[in-house]
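Here the structure is laid out as structure tokens; the discussion comes afterwards.
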Amino acid sequence: MILTTEKVNSLNGTLTLRGDKSVSHRSVMFSAMADGVSTIKNCLMSEDLHSTINCFRALGCTIDVSDELIKVRGKGYKGFTAPDEFLDCGNSGTTTRLIAGILAPQSFNTTLIGDDSLSVRPMRRIVDPLNSMGADITVTDKGTLPMQIHGVESLNAIEYSMPVASAQVKSAVLLAGLFNEEPTCVIEKAKTRNHTETMLGLEVVEEAEIRKIYSSKKNYPEPADYLVPSDISSAAFFTVLALLTKNSEVIIKDVLLNPSRTGILNVLISMGADIKVADKKVSSGEEYGDLIIRSGELKNVHIPSEIIPNIIDEIPVLSVAGLFAEGEFTLRGAEELRFKESDRIKALCDNYRLLGVDVEEYQDGFTISGGIKNSSELLQSYGDHRIAMTFAVLGSLSQQALRINDFECAAVSNPDFLDQLKSISK
């Protein structure tokens, strides 16, 4: 599908978005691990979440899905059964890396596969620490899927210092640690998303410049009723568009406000954005509230490298804000962007170059400036949902229509994106 964008003159209205992607994945996983019935409200029913649901169904869980509620009958401690086929994780890196930590201590063999994009993403970063715990996991010579997880009797507790800032790697080790009486400790120097430790109530100790997170069998999930706040990464696209579209005011309801995820709001506010938070609440340890966004002028600022892990998924659409803000937009310290659903640094830079934007690309980031000088080229989504929606936002701000190839990949995280955009556009 080639999307042809239209200029939006103003945005006004209220959006209620589906649940946060990270919290949705974990809600399904923890419910599947628990011994009994759990319910999940406002789960993000995207392609990635269906990958997680289908994997756990294949492991013996009964999962009933309706428009309002997901009901999961979990299998309990080491209660999963061997799947009849390979577990297909689709495009979901979260599914793959987190489920590896859950399956590593099981007594049966499993093979994880994925689509073409997922099959080139690095997996040794989880294989190495899990194998150091006593797991028996192999991947290809390139460190990619398929991933073969061989059954073991038990795992050892370890202390693992994170070599790269990654919430997925951290979570894989912590989830494997739930299958041992002795505590496993993950040490991180750069703070990453903390949904796993928050939702499981793990012990976290902060010492000087490091965080130590502990997990053991005492933290193993029990049946629960989850309410998933709206996805702040999905909200970021409409937030940036509302800020940059004159005479606009948009309210986004019940957005996740976890401090490890609100970096995008902090950066935009430092750029001069008019963003207010109202009606705060808490569910499953996660704070959420309403975002009130009003249009205005933005000015580019220095983005410190230490917050990059907490804005990593929002960087593509943040670059659109930077392109329209006063001054050059520069991002550094974000090499991890090259290992997402696409090489997002290259994807952004190549598309901006096609548009005639001034681009300087670095291994760990990029600088962009200037306006759109050419709208005739077909932009590429690279099969990456965030790249697709980023350039849809840019196209909604452009006087000239832009064309984006393979836009259907947006369904990976937000299948309702175009309908939501239409509902608030004037």
Side-chain angles (χ1 to χ4, degrees), residues 21-22 24-26 29 44 46-52 54-55 86-104 110-131 135 137-149 162-176 190 192-193 195-196 233 308-316 333-350 363-365 380-390 406 408-413:
K21 187 164 172 273
S22 297
S24 292
H25 276 296
R26 287 162 175 80
M29 291 180 178
L44 173 66
S46 65
E47 290 180 4
D48 274 10
L49 262 297
H50 280 294
S51 293
T52 290
N54 290 336
C55 284
F86 294 166
L87 294 184
D88 189 350
C89 300
N91 186 250
S92 178
T94 303
T95 304
T96 310
R97 294 185 175 121
L98 270 62
I99 206 171
I102 297 169
L103 293 175
T110 320
T111 298
L112 305 182
I113 60 173
D115 67 8
D116 290 344
S117 171
L118 185 62
S119 296
V120 298
R121 295 179 69 179
M123 294 295 160
R124 287 200 194 281
R125 54 180 58 186
I126 59 166
V127 171
D128 290 344
L130 291 175
N131 281 347
I137 305 175
T138 58
V139 287
T140 69
D141 291 341
K142 294 181 179 179
T144 57
L145 298 182
M147 180 187 299
Q148 295 180 328
I149 304 174
M162 295 276 291
V164 60
S166 168
Q168 292 179 1
V169 176
K170 173 179 67 174
S171 294
V173 177
L174 291 172
L175 291 177
T192 61
R193 295 179 177 182
H195 302 299
T196 297
S233 295
I308 294 299
N310 292 334
I311 63 169
I312 195 74
D313 283 340
E314 294 79 42
I315 285 172
E335 190 171 0
E336 185 67 13
L337 274 178
R338 293 196 181 273
F339 306 104
K340 294 292 184 176
E341 285 85 335
S342 68
D343 178 342
R344 286 181 177 161
I345 292 176
K346 183 177 187 300
L348 289 167
C349 291
D350 285 355
Q363 181 59 29
D364 65 344
Q380 297 299 324
S381 69
Y382 297 94
D384 188 326
H385 54 125
R386 301 203 192 280
I387 298 299
M389 289 184 284
T390 289
D406 295 329
E408 63 271 14
C409 66
V412 164
S413 63

task: Test side chain to side chain contact (heavy atoms under 4.5 Å, CB included) on Q168 and I126 and set out the steps.
output: CA-CA 8 Å; Q168 292 179 1; I126 59 166; 5.8 Å; no

Indicate whether any N or O donor in one side chain lies under 3.5 Å from an N or O acceptor in the other, for [X] and [Y].
X    : Y    : result
S51  : S92  : no
T144 : S119 : no
S166 : R125 : no

Atom [atom1] in [X], atom [atom2] in [Y]: separation rounded to 0.5 Å?
X    : Y    : atom1 : atom2 : result
I99  : T94  : CD1   : OG1   : 12.0 Å
R124 : T140 : CZ    : OG1   : 6.5 Å
R386 : S233 : CZ    : OG    : 4.5 Å
D384 : S342 : CG    : OG    : 3.5 Å

May I ask you to decide if [Y]'s main-chain N or O and [X]'s side chain share a donor-acceptor pair within less than 3.5 Å?
X    : Y    : answer
S381 : I387 : no
T96  : C89  : no
R338 : I345 : no
R121 : S117 : no
N131 : I137 : yes
D364 : E335 : no

R344 vs D313, salt bridge (Lys or Arg N to Asp or Glu O under 4.0 Å): CA-CA, chis, key distance, verdict: CA-CA 10 Å; R344 286 181 177 161; D313 283 340; 3.5 Å; yes

Within a strict 4.5 Å, meaning less than it, do heavy atoms of the [X] and [Y] side chains meet?
X    : Y    : answer
P129 : K170 : no
R26  : L98  : yes
E47  : N91  : no
I315 : I308 : yes
Q380 : D350 : no
K340 : I312 : yes
V127 : M147 : yes

Considering non-hydrogen atoms only, spot the tightest contact between [X] and [Y] and give its length.
X    : Y    : result
S24  : L44  : OG-N, 3.0 Å
T95  : C55  : CG2-SG, 4.2 Å
L145 : G114 : CD1-N, 3.7 Å
L118 : G90  : CD2-O, 3.3 Å

query: For L87, which of L103, I113, I149 qualifies under side chain to side chain contact (heavy atoms under 4.5 Å, CB included)?
result: L103

field: Residue from K21, H385, H25 passing side-chain hydrogen bond (donor to acceptor under 3.5 Å, both in side chains) with D48
entry: K21

